[in-house]
Amino acid sequence: MEKKKKIKPQRPRGFEDLSENSLNELIQLRDSIQKVYGLYGFEPLETGIIEYSDVIGSFLPDQDRPNEGVFSFEDDDKRWVSLRYDLTSGLARYVAENFDSLPKPYRRYQSGWVFRNEKQGPGRYRQFYQIDADTIGSDNALSDAEMCMMFSDAIQNTGIEVGNFIIRLSNRKILDGIIDNLNITGNSSGSDINLSIMRSIDKLDRLGLSGVEQLLGEGRKDESGDYTKGAGLEKSSITKILSFLESGIESKKLSRDICLKNLSNQFGSNIIFNKAIEELSEISKIIDTAGYDEKKIIIDPSVVRGLGYYTGPVYEADLTFTMETDQGLEKFGSIGGGGRYDDLVARLKGTRVPSTGISVGVSRLRSALEYLNKSSINIDPLSVVVLVMDKDKRSDYYKIASRLRNEGIRSECYVGDGGMKAQLKYADKRNARLAVIVGEDELASNTVTIKDLFVGIEVSDKISDNKEWRSGKDSQKNVPINDLVKTIKSILSK
RNA sequence: GCAGCCAUAGCUCAGUUGGUUAGAGCGCCUGGUUGUGGACCAGGAGGUCCUUAGUUCAAAUCUAAGUGGCUGUACCA
């Protein structure tokens with residue numbers, strides 16, 4: 001035979017195949033979160049996975065093409081379209097387009113795949129699943145407070161217990177105020193400096209205080225010897241920011257009230273800063289009244305979060321327990337977050353539409369639940385495979401399976417062409433509990449044989465002698481055909 | 001993007017200072033059993049040693065470039 005060159009079956013890097021178990025886990029996790037959002041009165045929404053690049057803001061006007069981090073192509077009308085990089089961009093488009101007919105505030109939840117053309121890593125893919133909830137068109141603290149509390153409820157509903165997670169609440173204006181107070185003068189424009197300060201601070205978790213100190217100053221060399229240029233701040237400014245971060249670390253043990261008072265005493269001379277404290281106090285008051293204490297929601301001023309469009313309160317949800325890995329104990333870290341974005345819809349609508357929302361990344365949450373052994377799947381495993389013993393009687397075997405299905409038992413009739421051995425092997429691989437065998441013997445005596453494949457697995461460990469193995473014919477029962485359903489039900493209920 | 005490490009069977013890996021026909025375990029297939037998966041026994045299939053170029057009498061082994069992977073770091077609207 002001619003040797004043909006095979007095409008190597010290879011999935012694009014950064015993309016993931018989900019098979020039975022992980023897909024069921026994903027669906028269940030999504031449902032448990034969305035159930036909470038629905039309970040709060042949020043309504044579901046689906047938007048397409050492709051949007052016009054300029055509409056969702058991935059188009060670079062000065063370069064005549066979309067941002068490189070976004071998967072994009074030119075449509076046949078020469079207009080650029082992109083795979084969505086988050087769910088918020090489509091929401092903003094939807095709201096701006098249907099503004100007049102929507103209830104205000106408009107509260108919706110949405111889940112789906114989003115795409116980013118970036119480097120992949122372990123647990124970090126170029127296609128990943130997000131679950132969002134947003135409130136569009138509300139300016140007041142209740143909508144922010146609601147996000148935090150709903151977030152907490154949703155995480156709890158996935159099976160993660162209080163104490164194993166924490167919602168950290170802060171406000172972008174805190175840092176804006178502090179940086180404003182530093183009176184930074186330098187070569188770069190103010191917003192550039194702000195950005196690199198924020199980015200440095202965002203890395204506190206990973207690099208620690210000393211790492212942040214280096215990034216705020218000259219720069220930092222990493223393990224591989226690569227060098228990151230710093231923000232180039234003066235020493236006095238760095239000291240102030242570091243002392244602020246230290247107070248943030250301490251604040252994790254404090255009540256929200258005391259934390260806000262401390263912050264106010266330490267830095268409270270700036271208008272922007274005071275506005276931040278005011279907003280947080282109001283949110284905290286609502287959360288207090290609703291009965292969510294510091295075991296669920298704390299104030300942590302070091303939360304910076306999504307450096308882009310956030311304008312006010314920001315939230316981040318962390319898993320607080322550690323996991324044993326090859327590198328020792330490691331934290332699970334952030335599983336989602338969000339915040340207030342008052343300017344996003346305005347870009348498309350013209351008028352200001354204040355909004356706030358949260359987003360949960362599912363893959364980390366999934367591995368966390370797996371680690372906690374909470375990922376039990378509520379979907380029934382396959383129960384029965386009806387073997388095809390006589391190929392001319394396929395329709396009769398199919399009828400048996402269909403009878404069992406009518407009783408609510410997950411059952412299938414073998415649809416392949418293999419012999420009995422192959423069929424049992426198939427049933428085994430499918431993790432089926434039972435095989436139903438109706439061959440010549442059974443037909444003659446008007447019976448069925450029901451084989452419990454799980455019992456066979458248990459028994460197999462103890463047998464090493466071939467004769468015993470064959471003589472055993474273990475784990476199967478021969479019952480009258482009329483008792484088929486009854487017998488199967490009683491085995492499955494054990 | 002930048003930097004470091006790595007690439008041998010489906011998977012995990014071994015492979016001597018460069019030297020015949022490249023190995024192991026697991027998995028897969030077949031038989032032992034015309035009607036029995038999973039234990040056990042026997043046998044079998046499966047490889048462009050990532051790709052290309054170079055050094056050499058000789059390359060899985062040495063060199064260079066490319067590709068892919070891992071780790072760190074940057075970017076992530």
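Numbered from 1 within each chain, the chains take letters A, B, ... in sequence-line order. No hydrogens, no waters, no symmetry mates; every other heavy atom, side chains included, goes into these values.
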Enquirer: Under the 3.5 Å rule, do the base of B:G35 and the side chain of A:Glu442 count as making a donor-acceptor pair?
Expert: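 Yes, a donor-acceptor pair under 3.5 Å.
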Enquirer: Which whole-number value in Å describes the distance from A:Met389 CE to B:U36 P?
Expert: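 The distance from CE of A:Met389 to P of B:U36 comes to 8 Å, rounded to the nearest Å.
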Enquirer: Using the P atom on both, measure B:A14 against B:A58 and round to a whole Å.
Expert: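 Going atom to atom, P in each nucleotide, I get 29 Å.
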Enquirer: How do A:Val70 and A:Lys421 order along RNA chain B: which one's closest nucleotide is nearer the 5' end?
Expert: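 Nearest nucleotide further toward 5': that of A:Lys421.
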Enquirer: Please report the distance, rounded to the nearest Å, between CD in A:Glu68 and C1' in B:A77.
Expert: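 It works out to 14 Å between those atoms.
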Enquirer: Can you tell me how far P in B:U56 sits from the matching atom in B:U63, rounded to whole Å?
Expert: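 Straight-line distance between the two P atoms is 16 Å.
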Enquirer: Using atom names, set out every protein N or O paired with an N or O of nucleotides 67-70 of chain B below 3.5 Å, distance rounded to 0.1 Å.
Expert:
| from | atom 1 | to | atom 2 | distance (Å) |
| --- | --- | --- | --- | --- |
| B:G69 | OP1 | A:Gln120 | NE2 | 3.4 |

Enquirer: Given Watson-Crick or G-U pairs with both distances under 3.5 Å, what dot-bracket string fits RNA chain B, with | for other-strand pairs and [ ] for crossing?
Expert: (((((((..((((.....[...)))).(((((.......))))).....(((((..]....))))))))))))....
Enquirer: Taking B:A60 as the reference, what is the distance to B:A22 when you measure between their P atoms (whole Å, please)?
Expert: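 Nearest-Å result for B:A22 against B:A60 at atom P: 10 Å.
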Enquirer: For the residue pair A:Phe42 and A:Tyr37, categorise the inter-ring angle as parallel (less than 30°), tilted (30 to 60°) or perpendicular (more than 60°).
Expert: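 Rings of A:Phe42 and A:Tyr37: tilted, as their planes differ by 30° to 60°.
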Enquirer: If we count only N and O atoms by modelled type, under 3.5 Å, do the side chains of A:Arg340 and A:Ser143 hold a donor and an acceptor together?
Expert: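 The answer is yes; a qualifying pair exists.
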Enquirer: Name the nucleic acid region contacted by A:Leu434, choosing base, sugar-phosphate or nothing; use a 4.0 angstrom heavy-atom cut-off, strictly under.
Expert: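 Here A:Leu434 touches no strand at all.
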Enquirer: Using atom C1' in both nucleotides, what's the gap between B:A59 and B:A64 to the nearest angstrom?
Expert: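 Approximately 15 Å lies between the C1' atom of B:A59 and that of B:A64.
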Enquirer: Donor-acceptor pair under 3.5 Å: do we get one between A:Gln423's side chain and the base of B:U36?
Expert: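 By the distance-only test, no, there is no pair.
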Enquirer: Classify the nucleic acid contact of A:Tyr85 as base, sugar-phosphate or nothing, counting any heavy atom under 4.0 Å across all strands shown.
Expert: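 Counting heavy atoms under 4.0 Å across all strands, the contact made by A:Tyr85 includes a base.
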Enquirer: Once you measure the plane-to-plane angle for A:Phe15 and A:Phe71, does it fall in the parallel (<30°), tilted (30-60°) or perpendicular (>60°) bin?
Expert: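 Correct class here is tilted.
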Enquirer: Check the side chains of A:Ser359 and A:Asp132 for a donor-acceptor pair under 3.5 angstrom, ignoring hydrogens and angles.
Expert: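 Their side chains do contain a donor-acceptor pair, which is all the 3.5 Å distance test asks for.
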Enquirer: Please state how far atom CD in A:Gln127 lies from atom P in B:C76, giving the value in whole angstrom units.
Expert: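 Roughly 23 Å, once rounded to whole Å.
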Enquirer: Counting only side-chain N and O atoms of A:Arg206, is one of them less than 4.0 Å from OP1 or OP2 of B:U73?
Expert: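 So the side-chain polar atoms of A:Arg206 do come within 4.0 Å of the phosphate oxygens OP1 or OP2 of B:U73, strictly under.
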Enquirer: Can a side-chain donor-acceptor contact be found between A:Tyr397 and A:Asp390 if the only test is distance below 3.5 angstrom?
Expert: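 Checked: A:Asp390/A:Tyr397 side chains show no N/O donor-acceptor pair below 3.5 Å.
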Enquirer: Write down the distance separating the C1' atoms in B:G69 and B:G32, rounded off to the nearest Å.
Expert: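 Rounded to whole Å, the distance is 43 Å.
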Enquirer: Between B:C29 and B:C13, how far apart are the C1' atoms? Round to whole Å, please.
Expert: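 Straight-line distance between the two C1' atoms is 23 Å.
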Enquirer: Would you say the rings of A:Tyr426 and A:Tyr414 are close, in the sense that their centroids are separated by under 6.0 Å?
Expert: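 Yes - the distance between ring centres of A:Tyr414 and A:Tyr426 falls below the 6.0 Å cut-off.
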Enquirer: Would A:Arg116 pass as a cation-pi partner of A:Phe128, given that its NZ or CZ must be under 6.0 Å from the six-membered ring centre and within 45 degrees of the axis?
Expert: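 Not flagged: A:Arg116 not positioned over aromatic ring of A:Phe128.
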Enquirer: Whole angstrom is fine here: how far is it from CZ in A:Arg199 over to C1' in B:C76?
Expert: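 A:Arg199 atom CZ is separated from B:C76 atom C1' by 9 Å.
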Enquirer: When you compare B:U30 with B:G46, how far apart are their C1' atoms, in angstrom units rounded to a whole number?
Expert: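 My reading of the C1' atoms in B:U30 and B:G46 gives 14 Å.
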Enquirer: Establish, from distance only, whether the side-chain atoms of A:Ser363 and A:Tyr125 form a donor-acceptor pair under 3.5 Å.
Expert: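 Absent: no donor and acceptor within the cut-off.
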Enquirer: Between B:U33 and B:A9, how far apart are the P atoms? Round to whole Å, please.
Expert: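 Their P atoms lie roughly 36 Å apart.
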Enquirer: Return no unless some side-chain N or O of A:Lys451 is found under 4.0 Å from OP1 or OP2 of B:G35.
Expert: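 No, because none of the side-chain N or O atoms of A:Lys451 sits under 4.0 Å from OP1 or OP2 of B:G35.
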Enquirer: Looking only at side chains, do A:Ser89 and A:Glu51 share a donor and an acceptor under 3.5 Å apart?
Expert: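 No, because no side-chain N or O of A:Ser89 sits under 3.5 Å from a partner of the opposite role on A:Glu51.
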Enquirer: Report the residue from A:Thr356, A:Asp134, A:Thr88 that forms a side chain to side chain donor-acceptor pair (under 3.5 Å) with A:Tyr341.
Expert: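 Between A:Tyr341 and the candidates, side chain to side chain donor-acceptor pair (under 3.5 Å) is satisfied uniquely by A:Asp134.
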